[in-house]
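Letters A, B, ... mirror the listed sequences (proteins, then strands); counts begin at 1.
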Amino acid sequence: MMAAAEKVKVATMWLSGCSGCHMSFLDMDELLIDLAAKIQVVYSPIADVKVFPEKVDVTLIEGAVANDEQLELLKQARERTKVLISLGDCAVTGNVPALRNAWGNSARLALERAYIENADVNKQIPTDVPELLEKVRPLHEVVKVDYYIPGCPPSAGVITYVLTELLAGRVPNMEGKCKYG
Amino acid sequence: MSNSTVTLKIDGVEITVPEGTMILKAATDNGIRIPTLCALEGLSNSGGCRLCLVEIAGSPKLFAACITPVSSGMVVTTNSERLKEYRKMTVQLLLSERTHVCSVCVANDHCELQSLANELGVDHVMFERKWTDYKIDSTHDFLVIDRNRCILCTRCIRVCDEIEGAHTLDLKMRGKDTQVIMDLDNNWGVSCSCTSCRKCAKVCPVGAIYVEEEPLARTKHKEIAEFLLARRRR
Amino acid sequence: MEGTRLKLGDLQKIAEHEVDFERAFKHRINVCCSSGCVPFGAFDVLKAFQEAVKEFGVEKECKVARTGCVGTCAVGPAVVIEPGDYLYQNVTPDKVRQIVRDHIVLGLPVKDMLYQNEAFFKKQHRLVLRNAGKIDPTRIQDYIAAGGYAAIVKCLATMTPQGVIYEVLGSGLRGRGGAGFPTGQKWSLVARSHSSPKYIVANLDEGDPGVFANRTLAEADPHAILEGMLIAAYAVGAEKGYIYIRAEYPLAIETLQKAIAQARAMSLLGENVLETSFKFDVELRFGAGAFVAGEETAILASVEGRRAMPRPRPPYPANSGLWGKPTLIQNVETLANIPLIVLNGGAWFSKIGTGKCTGTKCFSLTGKVNNPGIIEVPMGITLHEVVFDVGGGVADNRKFKAVLVGGPSGGCLPETLLELPIDYDSLTRVGAIMGSGGIVVIDDKSCMVDTAKFFTDFCIDESCGKCTPCRAGLAKIKEIFEGITRGEGNLEDLATLEKASIYIRDASLCGLGQTAPNPVITTLRYFKDEYVRHIVDKVCPADRCFKNVKEVNKQ
């Protein structure tokens, strides 16, 4: 087995998404064992690490950018990562979280819809949560993205393929491997 | 129609077809795939989607294969790097032009735009997406039109006019604001020319026109135009 | 004379009669009553002249005539007094008495009211606009006296249709609608087509903003268009013609309607033209306000009564046009050249202009230029001559920055290209087009990013929506421009802009989409530093962009 220091440092991040892409990642099942031999997960919603570390090799990000905290996290991840991958439709297109973009003044309307119209008790808009952005954006509209894995969620097979190719130093060919939805 | 044939080369393969055949048909019949969206066997050709663009040796211009007839000695390229690039661009533009969210679309898994994006490897859209908010018209008993998903291929308009003979559907406005309308821009439910034949839903390549509460796999039947034409010819 | 059916030999008599009649007058006062001068009171000026000559008792020696445009549209109403071609500018009814008294009665032209810019006319060569400002467009006799309809007489009396086509081929004339297809070749194609009936369509759907050369022609010399159509019909064997004209041109429509009625009454149009077996009639069709309706296949759809949307070619209209029949579509400017070619021969015409681009071209010269207006110059003239000699240089003593050639889908050319000769091929080589002949001079107060954005906006509004590149692509280009002019652009946007523009140019269905990215492509090519300054320094050299952003910051 390789020493931990030689392993590729991988981070995963969860922005505005449903966590389905992470589930799909875990769906790699026994392949994860092979993968674990080559990579070391240094930051992830499924690992208890508070701060995004420096010098990460690959970061997979699920979800769109919908509030200012996510914006900051994303920018930080970009700065500290060599290869950044948009994982899943929300990260690639905006997908469901971005549906509110069709409305003008969408941040306010979304909050009102959630916390006032649809609330049974305590109808009030919370003030101690990150501020929503006026538009929900896919990652590449905010930072430079190196690879894209669309899908809602992307199948475990496609995630495996892209990671395998990248670990082997090849550029993945996405023809026939980017089924949106 | 004359019985003479024409010999040409498509992607290096020598092909002989009857005179007057369109490049697209000549290629398809000989196992060469050219991506299409607006073209549909049995309907007149529009040449609007620009996916089937091909190169013809000797001309700097690009030609829509669906509507360019073959000629003798023609040398056609269907899959150069430039064409691949342009097709990807076209699909990106269609995806970004209106609200296309596959995950919540009725046509998910049965959509020609979705499968083209997959086939061509359009892994992201380089342009900012437009999130349109056209009102969905569900006033008809069972047919629904969601113009946010429309790619303006005009198959529905042509099938309604040319096969059903009703010409209920047509276009209004122009440019990016172009929309498919019923009669004189009425709600579908009060259309007096619509025969409720569903052909529009059968040929719609995306999820813009669909039958309420019917699985799209059952609705979609894009061979309907060719099928009916063949029956009528008999 | 009007209303009598003419025979071939009768025209000469009318012409002689008219010339004799004209000779009785010592002076001729031509009041321009084109769309450029009418809003400033040209008809009042005309009336004032008619009254003033009576008042001074010179009505017997002065003919006051309503005419078309002399081209100096910025200084209208314009009045020309012959002999001597004294051009009075900005004439108002209260100035008329002084002009008549001093100029006509005392023989002293009113110097400070004269248009002092001879350079404007010096390098022009007026073929198409030969009668503009000289004849009364509402009188067919005026046109006949100026040698009009002599060409169709010559055709009918002495030439075969093939002979006519031979002359047109020999003239080297190319279509003035923008694409520059050789006119003679087009005629041969239609003539060779065996199907019948055949149609002629004259394109007068001049949709470019700020371009009005065709309108000027129709308002000043409508019969030249009709005669060109007659000759074309004779040559290709057509019996029916349509003039497709913008509904936004009411005066031109009225003038043409009058001209058609007069020509019909004199049997120049109709069943037996000039008592021969040749028959041809013309109808007007009005455009419904779409730029794209000037595209030839879109015109066909519109004339047939359908939505003006282009279709791919082939089949070309020469084989399958109106109602599937062979159709010859020509711009009216092309047609107005035809009578001269027939009368003087193709060889004569081919000596004007350059070898590959013969004849002249009308331009609407606008923008920041001292002498704006309608000009007609020989092909091969340089941009420098047009802007600085004919145009009199940049207005307000500003510095020259660029010139947009070819209307909203033309190219923005920098100072280094000013020595470029104006012809189809040279313009195409540098990324511009002849288009419908719009030349806009841009000074250093204008921003090239803003200019490109402005013209892209126009094309977005006018895209018909049929093909993806033009419909969706242009809209995306606009979004990128908005980002840049809001201060949110990055340098990668430039690569995207270029990529998308070239794609739209190559992949669009019709000429609108294929040329719409030209302003973007040329400004990126020649003025890239301005884009970079917008993006990197957030500075607009002309201080036109970021306006909204600044206001927001102030708040």
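Contact of C/Arg307 with chain B is made through the side chain alone, with heavy-atom distances under 4.5 Å. Using a 4.5 Å cut-off between heavy atoms, B/Pro69 touches chain C through its side chain atoms alone. Residue contact with chain C, scored on non-hydrogen atoms closer than 4.5 Å, involves the side chain of B/Glu85 exclusively. Of the two parts of B/Ser96, the backbone and the side chain both hold a non-hydrogen atom closer than 4.5 Å to a non-hydrogen atom of chain C. Heavy atoms of B/Leu93 lying under 4.5 Å from chain C belong to its backbone as well as its side chain. When heavy atoms are compared at a cutoff of 4.5 Å, B/Arg98 does not approach chain C at all. Heavy atoms closer than 4.5 Å to chain B are found nowhere in C/Leu474, neither backbone nor side chain. For a residue to count as touching a neighbouring chain, one of its non-hydrogen atoms must lie under 4.5 Å from one of that chain's; by this rule B/Leu37 does not touch chain C.
Chain C forms the most heavy-atom pairs under 4.5 Å with one residue out of B/Asp170, B/Thr154, B/Leu152, B/Ile67, and that residue is B/Leu152. Considering only heavy-atom pairs separated by less than 4.5 Å from chain C, the leading option among B/Glu128, B/Arg50, B/Glu97 is B/Arg50. The choice from B/Thr90, B/Leu62, B/Thr178 that makes the most heavy-atom pairs within less than 4.5 Å of chain C is B/Thr90.
Among pairs with a residue in residues 507-520 of chain C, those fulfilling side-chain hydrogen bond (donor to acceptor under 3.5 Å, both in side chains) read C/Ser409-C/Thr515, at least two apart in sequence or across chains.
Under the side chain to side chain donor-acceptor pair (under 3.5 Å) criterion, B/Thr78 pairs with B/Asp11, not counting sequence neighbours.
With hydrogens and angles ignored, the 3.5 Å screen pairs no side-chain donor or acceptor of B/Arg147 with any backbone N or O of B/Thr132.
For the 3.5 Å distance criterion, the side chains of B/Thr99 and B/Tyr134 fail to qualify, holding no donor opposite an acceptor. Side-chain contact check for B/Ser191 and B/Asp183: at least one donor-acceptor pair (N or O, by modelled atom type) lies under 3.5 Å.
Cation-pi check for C/Arg313 over C/Tyr316 is not met; the charged atom does not lie both under 6.0 angstrom from the ring centroid and within 45 degrees of its normal.
Contact between C/Thr183 and C/Gly175 at its shortest, heavy atoms only, is OG1-N, 3.5 Å.
Applying the side chain to side chain contact (heavy atoms under 4.5 Å, CB included) test between B/Arg149 and each of B/Ile136, B/Val106, B/Val101 identifies B/Val106 as the sole match.
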